[in-house]
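Following: one structure in structure tokens, then a few remarks.
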Protein chains: 2
Amino acid sequence: MGVLTIGEFSRLTHLSVRTLRRYHEAALLEPAVVDEITGYRYYGVDQIPTAQVIHRLRELDVPLSDVQRILRTPDPGVRAALVADHLQRLEDELDRTRAAVVALRRLLRPDPAPIDVELRAQPARTVAAVEAVVRGRDVATWYAGAMAELEAAVGAAATGPPGGCYDNALFEQERGHALVYLPTAAPPRTGRVHPATLPAAELAVTTHVGEHDGIEVTYGALGTWVVENAMSVAGPVREVYVVGPRDTSDPAAWRTEIGWPVFRVT
Amino acid sequence: MGVLTIGEFSRLTHLSVRTLRRYHEAALLEPAVVDEITGYRYYGVDQIPTAQVIHRLRELDVPLSDVQRILRTPDPGVRAALVADHLQRLEDELDRTRAAVVALRRLLRPDPAPIDVELRAQPARTVAAVEAVVRGRDVATWYAGAMAELEAAVGAAATGPPGGCYDNALFEQERGHALVYLPTAAPPRTGRVHPATLPAAELAVTTHVGEHDGIEVTYGALGTWVVENAMSVAGPVREVYVVGPRDTSDPAAWRTEIGWPVFRVT
DNA sequence: CTGGACTCTCTCCCAGGGGGAGAGTCCACG
DNA sequence: CGTGGACTCTCCCCCTGGGAGAGAGTCCAG
């Protein structure tokens, strides 16, 4: 009594027979009994709730490995924390989706506004910086934490707007080196904050106006300019947040200087 | 001039070299020039905006085939409509995510509330119905439309709460037969609305209280009861929306009767 | 005891990439 | 004019989380 064939269990849990077999194979949901001779799987009714939890987690695109980890966690508190992590991940994903929608609308709007590019010889400068190797998708989160730490360490002693320096690999691959800074006369060394020297470079500079979601368009335009002016790109891209969230809460007023180290191609 | 190797193009578009090659293979983004001898791909700067659009669409999980369709649509209006379709799809997915989160929270909350199950001999009845074969994920949408049509055709002549009858395959596989009805003395035949007879059946009936997101839990409990009472399931599940959105907008007050056709197992 | 429904394992397929091997190419520097 | 290093080519296998179907074995009620 209370033992179900895979088909019955499938009907009760709304998981397909195939998927149940897959979960067995993955040691995610093992049948209560497996007939050693015939190989038939038999499930207990007490496994129905587990199957439903799996079903829901999969609906949330939680990887099977993580589902397994959650199910194997006996402590309900820890388990709730694991689930909360995934819900947070969903939130983040939602944010990225929203950003992509905004950017897409901007891209599809015919927007032939030409850009002004200035070639600038940027001398080396020493600043208060926080740097790390981060994953591309985590840049925004990392930036927020790093900049908060910089503000705390430098604050009013800043001699100009903040900026950043981002490895190209950050965008091409999954991870790359990133650095954010605040210029100041005497860079302190506190926590992750430390003095760093931005090397001198010849920069192709343009200014992106507005929130950052559509910044790709400006990047592309700058890239086009660089190529059409017979130049090539060398080294990480630099950004200066001339007017940013620390100055005004109106994203439309933000001004971001994008500088790409370039060199002339024969 | 204005011609880029795949690596340069990768840096300018933030698409990996591998992905660019894949897009070429998929005829999604063809290089401006391919050297016939070496096979080297060369891209034009004018392809940067296209690459960015692809990038954004992929961020929104638009399938490559649909990206291709969108890119090949010359009319901006039609193209905007295609994109809007996908944004709608994203909205729907978001709704399902929300529902799964709610259901998951309910599942993980230790909720050992025992359920009352009643065995009921349900005589055959003739009702005004709308039926179709639908995909599992489309049930909610389909239901809304069908019920609106039923309300329009029957309206105040209804002799009881609405209900539905859903093929088990609807949940196990991708699609299945679904029927929704309003009981009435003289079922009309208008549009998709037509008279239908629900066959007599022995039903194991329980009541789910609250919104539908957590109804799986009740389903599971009912399934457990059926099995533990040495019965088995035969035929599609029936639901009666005793108190539903047409009665009150407070989901917590909704009452849904779930009836599973059962038969006694020796 | 037989037929139909059910279940088993097996292989192949899909999207949308990632990773690496091994060979060929490009180009700037010496 | 070489040559070395960076770049690129193709090809094959891997990943996740399934779906489809073949061919054989099993269960059970009539």
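Note on naming: letters A, B, ... go to the chains in the order of the sequence lines (proteins, then strands), and numbering restarts at 1 for each one.
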Quiz prompt | No-hydrogen, no-angle side-chain donor-acceptor test under 3.5 Å, B:Arg58 and B:His55 | solution = no

Practice problem: Check whether any side-chain nitrogen or oxygen of B:Arg18 sits under 4.0 Å from OP1 or OP2 of C:dG19, and answer yes or no. | Solution: no

Practice problem: Go through the structure and list residues passing salt bridge (Lys or Arg N to Asp or Glu O under 4.0 Å) with A:Glu131, not counting sequence neighbours. | Solution: none

For residues 17-30 of chain A, tabulate all N or O donor-acceptor pairs below 3.5 Å that involve a side-chain atom, not counting sequence neighbours.
{"unit_1": "A:Thr19", "atom_1": "OG1", "unit_2": "A:Ser16", "atom_2": "OG", "d": "2.8"}
{"unit_1": "A:His24", "atom_1": "ND1", "unit_2": "A:Arg41", "atom_2": "NE", "d": "2.9"}

Quiz item: Is the B:Trp260 ring parallel, tilted or perpendicular to the B:Tyr219 ring (thresholds 30°, 60°)?
Solution: perpendicular

Quiz item: Which residues, if any, of residues 35-51 of chain B bring a heavy atom under 4.0 Å of DNA chain D?
Solution: B:Thr38, B:Gly39, B:Tyr40, B:Arg41

Exercise. Flag the pair A:Arg56 and A:Glu59 as a salt bridge only when some basic side-chain nitrogen lies within less than 4.0 angstrom of an acidic carboxylate oxygen.
Key: yes

Exercise. Name all residues meeting the salt bridge (Lys or Arg N to Asp or Glu O under 4.0 Å) criterion together with B:Glu202; count only those two or more places apart in sequence or in a different chain, and write none if there are none.
Key: none

Exercise. Flag the pair A:Arg69 and A:Asp66 as a salt bridge only when some basic side-chain nitrogen lies within less than 4.0 angstrom of an acidic carboxylate oxygen.
Key: yes

Review item, nucleotides 15-17 of chain D N/O atoms under 3.5 Å of protein N/O:
{"unit_1": "D:dG17", "atom_1": "OP1", "unit_2": "A:Leu64", "atom_2": "N", "d": "3.2"}
{"unit_1": "D:dG17", "atom_1": "OP2", "unit_2": "A:Leu64", "atom_2": "N", "d": "3.4"}
{"unit_1": "D:dG17", "atom_1": "O3'", "unit_2": "A:Arg58", "atom_2": "NH2", "d": "3.4"}

Exercise. Report yes if at least one side-chain N or O of A:Ser16 is closer than 4.0 Å to OP1 or OP2 of D:dG18; otherwise report no.
Key: no

Exercise. Using the test side chain to side chain donor-acceptor pair (under 3.5 Å), find all partners of A:Thr218 that sit at least two apart in sequence or belong to another chain.
Key: A:His208

Quiz item: Atom CD of A:Glu8 and atom C1' of C:dA5: how far apart are they, to the nearest Å?
Solution: 12 Å

